[in-house]
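Below is one structure, written out as structure tokens; comments come after it.
The shown structure was predicted, so the numbers you read here are calculated from the model rather than taken from an experiment. The residues of the chain are indexed from 1 along the displayed sequence.
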Amino acid sequence: MTSSDQQAGDTGRGDEPPHDWAEPGTDAESAPRPQPVLPVPPPEDTVVVPADEDPVSAAASELMGGAPGRHALLGVSWWTAARILAVITVVVWALGMVQKLPCYDSGWFYGASAQYDHACYSDIPHLFTLRGFNLPGNIPYVDKIPGSTDPTMQYLEYPVITGLFVWGAAQLTPTGGGDVYREQIFYLVNAGMLLICAVVAVVAVSRTHRRRPWDALLFALAPVLALDGTINWDMLAVALAAVGMALWARRYPVWAGVLIGLATAAKLYPVFLLGPLLVLCLRAGRMREFGQAFAGAAVAWLIVDIPFMIANFSGWATFYSFSETRGVDFGSFWLILSQNGWLNVQTSTVNTLVAILLILFCLGIGWLALAARRRPRFAQLAFLVVAAFTLTNKVYSPQYVLWLLPLAVLARPRWRDFLVWQACEVLYFLGVWYYLAYGASSNQKGLPPDWYHAAIAVHVLGTLYLVVLIVRDALSPATDPVRADGSDDPSGGVLDGAPDVFTLTGTKVQAAPTASRPTGATSFAMGSAHMDADR
């Protein structure tokens, strides 16, 4: 019997109320019911070993001699969790670059469909010349794209920090040699810089849930990290957002906001992280800390963007105008509707429909945050809101899965569920390239539209699968793997262990009594009865 089993046995059945709660039929039945109390958290130095609680991880550990024993010395050598995770990330990243070899050698440069046949496409080498980065004096957002004939694409269509990141890589690319050689070197320079971002992201994820550093192994070994990491520059925003969440977890709200603001200046999606923080801080009465984070984000974003607004507002605004005028595109369920003739409306109408759907999803997430009996965790709501953005958007490029990767690790660290989702994303990764190969090849070798629509459906269902599990965990904390040891919200920073001050239902969870905090190992079972008895 494990220590958790023993403690659960000491408290009786998990669905029985505590002994000091009123029993039905007594005079105290009409008295106000006591508010539920958070479970007693484990000691700060407790480290969760995945092989002890995750069936898939436990089975995999048998390949290396089984799970660590109780006397195993973990994290006492130079090889800490962060360093091991960084090395694994480098190896997986290198495998991804090997997967791109057919394109690096020829596929990007010769043959109409070669880069799709080998599923090794990347925007990076193509945009080196197409966006003017091959010209030493060309400055993003200030100078027009040389030779552009598209009136809506006169300037770089990426947010400012991404543009500066790419421009910096261009400065490290040799000016001599042919176009193919320079594009190859440009890709390698960007791949190296993005690898640094991936390592930063995995370390940040490992330090967000302080007692669960090994959950970040899900990030490090994710197939999409290898397949999608160098398609575009999304890993930059992923790293900045991951560091921002880690800083929030460590109770640095201002710096967390600064990093979220910088991430938003690299890609739009990190701004949605502020929504969950708003409703959670409202529920916990921590609006001061939210205000600090919001101010940090706003100031950081403005400091980066204002100089380019002043220098050339039209160039700076291209990202936003392009996003508005862009039609229905790859990967979205809107494409299925459009290509089957079920949706025949203008782009402006689609924009309105997207906005309405996203607002409805966000209202539902806000309701969940304020109405659930126990306050959901920050990472759970962060995943839900970014997933809503990707599912309702007009386009879903395969690298967008990287946005959700660290959030999925923090929200639902279970190998089985993570691998189901990853399998769906890998299928979509292959589907989109073979669909493009079908259109680019003269003999239509590849995936026809109907099968590509099936690949889109697989991606959507895979994401919804995680969404359903995370919503269930938020409504029933006993199923949440992060809260199984008595933790509240390890990524929540000032929200972790904080009592409720406002809810939509009137039930306000109270903080665990500090006097009863244990000095040894504990489990969620000791506190779960207090949370479940009032259901």
Is it true that [X] and [Y] have a side-chain N and a carboxylate O under 4.0 angstrom from each other?
X	Y	value
Asp473	Arg377	no
Asp489	Arg375	no
Lys394	Asp329	no
Asp417	Arg414	no
Glu157	Arg131	yes

Any side-chain heavy-atom pair from [X] and [Y] closer than 4.5 angstrom?
X	Y	result
Ile470	Leu381	no
Leu282	Phe290	no
Leu475	Leu368	yes
Val401	Leu405	no
Thr230	Asn190	no
Phe133	Leu156	yes
Arg211	Val47	no
Glu425	Thr463	yes

For this session: Please state whether the rings of His459 and Tyr396 are parallel, tilted or perpendicular, taking 30° and 60° as the class boundaries.
Result: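 Ring orientation, 0 to 90° scale: parallel.
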Treating [X] as the side-chain partner and [Y] as the backbone partner, does any N or O pair qualify as donor plus acceptor under 3.5 Å?
X	Y	result
Trp233	Phe165	no
Ser323	Phe319	yes
Ser487	Arg483	no
Asn351	Glu324	yes
Lys100	Ile231	no
Thr503	Thr507	yes
Ser321	Ala317	yes
Tyr400	Thr390	no
Trp316	Ile306	no
Asp500	Lys508	no

Exercise. Are Phe128 and Phe186 near enough that their ring centres are under 6.0 Å apart?
Worked result: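 Yes, close enough.
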Exercise. Can the ring centres of Tyr465 and Trp421 be said to be less than 6.0 Å apart?
Worked result: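 Distance test on ring centres: not under 6.0 Å, no.
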For this session: Output every pair passing ring pair (Phe, Tyr, Trp, His ring centres under 6.0 Å) with a member in residues 262-288, not counting sequence neighbours, ordered by first then second residue.
Result: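 Ring pair (Phe, Tyr, Trp, His ring centres under 6.0 Å) check on residues 262-288 returns Tyr269-Trp403, Phe272-Phe389.
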For this session: Taking side chain to side chain donor-acceptor pair (under 3.5 Å) as the test, write out the residues that go with Ser206, two or more places apart.
Result: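 Per chain and number, Ser206 pairs via side chain to side chain donor-acceptor pair (under 3.5 Å) with no residue.
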Exercise. Where do Leu410 and Asp215 land on the side chain to side chain contact (heavy atoms under 4.5 Å, CB included) test, with the steps shown first?
Worked result: CA-CA 8 Å; Leu410 297 172; Asp215 287 347; over 6 Å; no
For this session: Looking only at non-hydrogen atoms, find the nearest pair between Val385 and Cys362 and report the distance.
Result: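 Closest heavy-atom pair between Val385 and Cys362: CG2-SG, 3.9 Å.
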Exercise. Quick one: side-chain contact (heavy atoms from CB on, under 4.5 Å) partners of Arg207, sequence neighbours excluded?
Worked result: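 Expected list: Ala82, Val203, Arg250.
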